[in-house]
Each structure stands twice: as structure tokens, then as C-alpha cells.
Amino acid sequence: MLPIPGLAEAGALTNETLFDLREDVPHLIVIGSGPIGSEMAQAFRRLGSEVSVVDIAPRILPREDADLAEVVHRRMVDEGVRFHFEASIAKVEGRRGDLRMTLKGKDGAERVIGATHVLVAAGRKANVEGLGLDAAGVALDHGRIVADDRLRTTNPRIYVVGDVAGGYQFTHVAEHHAGIVLRQAIFKLFWTKPSTVVPWCTYTDPELARVGPSEDEARKQGIAHRIYRFAFDEIDRARAEGETDGFTKLVTDPKGRILGAAIVGPHAGELIAEVVLAVSKGMKAGDISASIHTYPTLASINRRVADQRQKEGLTPSSKGWIKRVFGLQGR
Ligand SMILES: Cc1cc2nc3c(=O)[nH]c(=O)nc-3n(C[C@H](O)[C@H](O)[C@H](O)COP(=O)(O)OP(=O)(O)OC[C@H]3O[C@@H](n4cnc5c(N)ncnc54)[C@H](O)[C@@H]3O)c2cc1C
């Protein structure tokens with residue numbers, strides 16, 4: 001529970017209590033517009049609730065590039081979700097059923113919003129207290145269990161897996177961790193370094209999936225990179241399904257090696273899998289470009305975006321030569 005005056009007393013919901021609700025939710029305030037907050041806000045809006053999202057950040061999904069997050073934000077606004085960005089919460093008054101939340105803007109101005117329920121979708125932390133880790137010789141560092149890349153803690157007979165390992169908090173990461181630990185227990189001698197390429201997806205509609213560095217991260221970390229985009233409204237399957245919102249963004253190094261990708265659009269969580277393999281195996285955009293993709297599929301967007309890289313690779317003289325051979329007009 002976030003340390004906000006009146007929040008706990010108001011019967012605030014968390015991910016642990018939300019799914020046991022048996023009552024109507026006429027107006028829900030969601031604290032946090034990260035993946036969980038955004039997913040739940042859209043879900044409740046679609047179930048018929050009024051939904052207001054409050055976040056101290058200036059926009060939703062702050063870990064994702066702004067242009068991708070904006071596609072999801074726009075859809076949620078169109079569906080009637082209201083947003084209060086750059087707002088801190090001064091206090092909550094009342095009880096579940098009749099609540100008031102006082103927000104403080106960046107300029108210090110206060111305003112009060114009313115609701116029936118409030119959901120805390122921020123501040124989840126690993127539960128490492130009260131386990132007697134000290135007595136077991138398992139060291140903590142700032143609330144994180146210290147472990148090596150084999151997930152061995154400072155007590156070599158104790159491993160750590162899942163969210164409590166302190167890395168990415170996803171079910172598929174917990175599953176991956178379980179595999180690492182089992183392999184060590186059973187095949188101690190045949191240790192191979194596990195993959196560190198971790199994809200994820202936010203299951204809003206449209207979905208937003210990612211693997212590798214975002215454009216923003218590549219720039220901030222000084223990684224030499226190139227960006228290629230392709231929109232779903234140019235993909236025949238997306239047009240046939242009437243789901244043309246969104247685009248894909250491919251991040252490569254200057255030689256075309258794929259560093260990562262982000263996809264916002266229909267079934268993005270499925271489509272990212274091809275790029276996960278490409279990143280894991282150090283493939284180039286040309287490898288995806290050269291692979292035949294079935295028509296008409298959403299997955300062909302992966303080839304079409306990789307083709308952007310291949311087209312860019314053409315020199316002006318080779319472009320001129322192609323135009324001359326085929327009698328093409330234009331630029
Ligand atoms: C709302 C929500 C949506 C999510 N959606 C996705 C998603 O779409 N995809 C995805 O990959 N990930 C998602 N996640 C993250 C995912 O749930 C976690 O990464 C995953 O469950 C981690 O597994 P775990 O076993 O490490 O921890 P958990 O699943 O949290 O299991 C830990 C268990 O330990 C128990 N426990 C805690 N403390 C103690 C104690 N002291 N003694 C005994 N037992 C204890 C807990 O009660 C719990 O049962 C979501 C998380 C939330 C909250």
C-alpha cells in the first residue's frame with residue numbers, strides 16, 4: 001500500500017483483492033498508468049465503469065517510447081478513460097462507495113475528484129521481510145536478494161527465482177528462472193549461459209510488446225542504432241480485420257544487426273516472438289527480410305519493417321539503375 005493519508009482506510013484495492021470483487025464499480029480511480037494500471041483501467045471502462053487514472057508521470061507507460069504509448073493512450077481516451085497526469089495524491093477521504101481524492105498539480109494547485117473505488121497499481125515490492133534470510137546466510141542489498149547469474153544466493157544451497165530475484169517481474173521470467181535452477185540441480189556439469197533477452201507485452205487493446213532497447217534507451221545509452229517503422233494500416237490482414245491502429249519499430253545497429261523492436265497493434269504480444277529469436281541469435285534485418293512470410297498475416301509486418309532497412313541499403317546509383325531497367329518514374 002502506498003503511504004498516502006487515508007488510502008488504506010478507504011479500502012483501496014490492490015492486485016491481490018481486485019479479482020475477488022463481487023460488487024459493481026460505478027467509478028474507479030486507478031493510481032498508476034504503468035502496464036497493470038493501463039490494462040485494468042481499460043478493462044473496467046469496458047465493463048462499464050467510469051475510470052480516472054492518476055499518475056505523477058506526464059504520460060502512460062513511461063518505460064515505452066512516447067510515440068508507441070500514445071497509440072494506447074489515444075484509444076483509452078476515445079473509450080472514455082480520463083487521465084490526471086503530473087499529479088501527486090495529497091490525501092484520500094471517505095470509504096469504499098463514496099471517496100474523494102485530493103490531487104496536487106505541478107503548479108501546486110489542488111483539485112478533488114470523487115469515485116466509488118480506488119485501485120493501487122503502483123509500488124509493488126518483493127516480500128523479503130520476516131523470512132529469516134539473515135539466519136540462512138542469504139544477503140540482501142537494498143531489499144533485493146543478492147544472487148549470481150545462476151540465481152545462487154549467498155547461501156549456495158538456496159536459489160532465488162521469480163519476482164523476488166529483483167529483475168524483470170514477469171511470469172515468463174519466473175518460468176525461465178525455474179529452468180535455470182532445475183538445469184543446475186539435474187545437469188550440474190552441462191551449464192550453458194541462459195538467455196538474457198527478455199520480451200514483454202502490455203495487454204491493453206491495442207497491445208504493446210517489446211524486446212531489447214527502446215529508441216529512447218538506445219539514444220540515452222549512446223548505443224549506435226538505426227530505427228525503422230512500418231504501420232499496420234499498410235498490412236492487408238490488419239485492414240481486413242479492421243485493426244489498423246499502430247505500428248512496429250525495429251532497432252538495429254548501423255550494420256543491420258537487430259537489437260530490438262517494439263510493436264503497438266493487434267496481437268503485438270504474438271508478433272514480437274520472431275524478433276525475440278532474431279535478437280537472441282544475433283540475426284540481421286536481412287535475415288527476416290529474406291524469410292518468406294505467409295500472406296495475408298499480421299506477422300508480415302516483421303518482414304515489411306525489415307525491408308525498410310534493405311531498401312535504405314540501396315545506393316543512389318543502384319536505385320537509378322533499377323529505375324532505368326524497369327522504366328520507373330518518380331523519386
Ligand atoms: C495485475 C498483474 C498483472 C500481471 N500480468 C502479467 C502478464 O500479463 N504477464 C506476465 O508475464 N506477468 C504479469 N504479471 C507479473 C507476474 O504476475 C509475476 O511476475 C509472476 O507472478 C511472478 O511469479 P512469482 O512466483 O515470482 O511470484 P508470485 O506469483 O507473486 O508468487 C509468490 C507467492 O509467494 C507467496 N508469498 C509471499 N510472501 C510469502 C511468505 N513470506 N511466505 C510464504 N509465501 C509467501 C505469495 O502469496 C504468492 O503466492 C502481472 C502482475 C500483476 C500484479
Side-chain angles (χ1 to χ4, degrees), residues 1-2 12-21 25 28-47 49 51 53-55 60-64 68-69 72 76 81 117-136 138 140 143-147 149-153 155 158-182 185 194-212 262-273 275-276:
M1 193 57 66
L2 296 172
L13 299 158
T14 68
N15 65 277
E16 303 210 332
T17 53
L18 179 70
F19 299 104
D20 295 327
L21 265 190
V25 180
L28 178 69
I29 296 178
V30 179
I31 303 177
S33 62
I36 295 172
S38 297
E39 288 170 357
M40 291 303 116
Q42 189 178 46
F44 271 84
R45 181 68 195 130
R46 288 181 173 195
L47 287 168
S49 305
V51 177
V53 178
V54 176
D55 203 303
I60 69 164
L61 304 174
R63 280 179 62 183
E64 309 296 347
L68 293 140
V72 179
M76 290 172 73
V81 178
H117 294 72
V118 58
L119 167 67
V120 182
R124 268 182 98 233
K125 275 200 302 198
N127 181 5
V128 290
E129 306 299 327
L131 294 175
L133 294 178
D134 256 7
V138 175
L140 288 174
R144 287 178 65 153
I145 294 177
V146 178
D149 62 353
R150 295 185 182 207
L151 302 171
R152 286 176 302 202
T153 67
N155 176 336
I158 299 182
Y159 294 82
V160 58
V161 301
D163 285 4
V164 81
Y168 290 110
Q169 298 193 351
F170 299 115
T171 303
H172 45 278
V173 170
E175 188 180 17
H176 181 62
H177 283 171
I180 293 173
V181 172
L182 283 176
S195 176
T196 52
V197 179
V198 178
W200 61 82
C201 181
T202 299
Y203 296 95
T204 44
D205 179 14
E207 295 178 359
L208 200 170
R210 175 140 78 92
V211 62
I263 306 173
V264 61
H267 300 288
E270 309 284 345
L271 301 179
I272 202 75
V275 193
V276 176

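For the numbers below, each heavy atom of this structure counts, side chains included, while hydrogens, waters and symmetry mates do not. Just so you know, ligand 1 is whichever comes first in the structure, and atom 1 is the first atom listed for that ligand.
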Tell me, with the steps shown, if V164 and V128 meet side-chain contact (heavy atoms from CB on, under 4.5 Å). CA-CA 8 Å; V164 81; V128 290; 3.6 Å; yes
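- Taking the salt bridge (Lys or Arg N to Asp or Glu O under 4.0 Å) definition, one finds that R63 meets it with nothing, sequence neighbours left out.
- Distance CZ/F19 to OG1/T14: 9.5 Å, rounded to 0.5 Å.
- Put simply, CD1 on I180 and CZ on R152 are 11.5 Å apart, with the number rounded to the nearest 0.5 Å.
- Under the side-chain contact (heavy atoms from CB on, under 4.5 Å) criterion, A12 pairs with M1, L7, V118, V120, sequence neighbours left out.
- At a 4.0 Å heavy-atom cut-off, the residues surrounding ligand 1 are N15, I36, R124, N127, L131, G162, D163, Q169, F170, T171, H172, A174, Y203, listed by chain and number.
- V146 pairs by the side-chain contact (heavy atoms from CB on, under 4.5 Å) definition with A139, D141, T154, not counting sequence neighbours.
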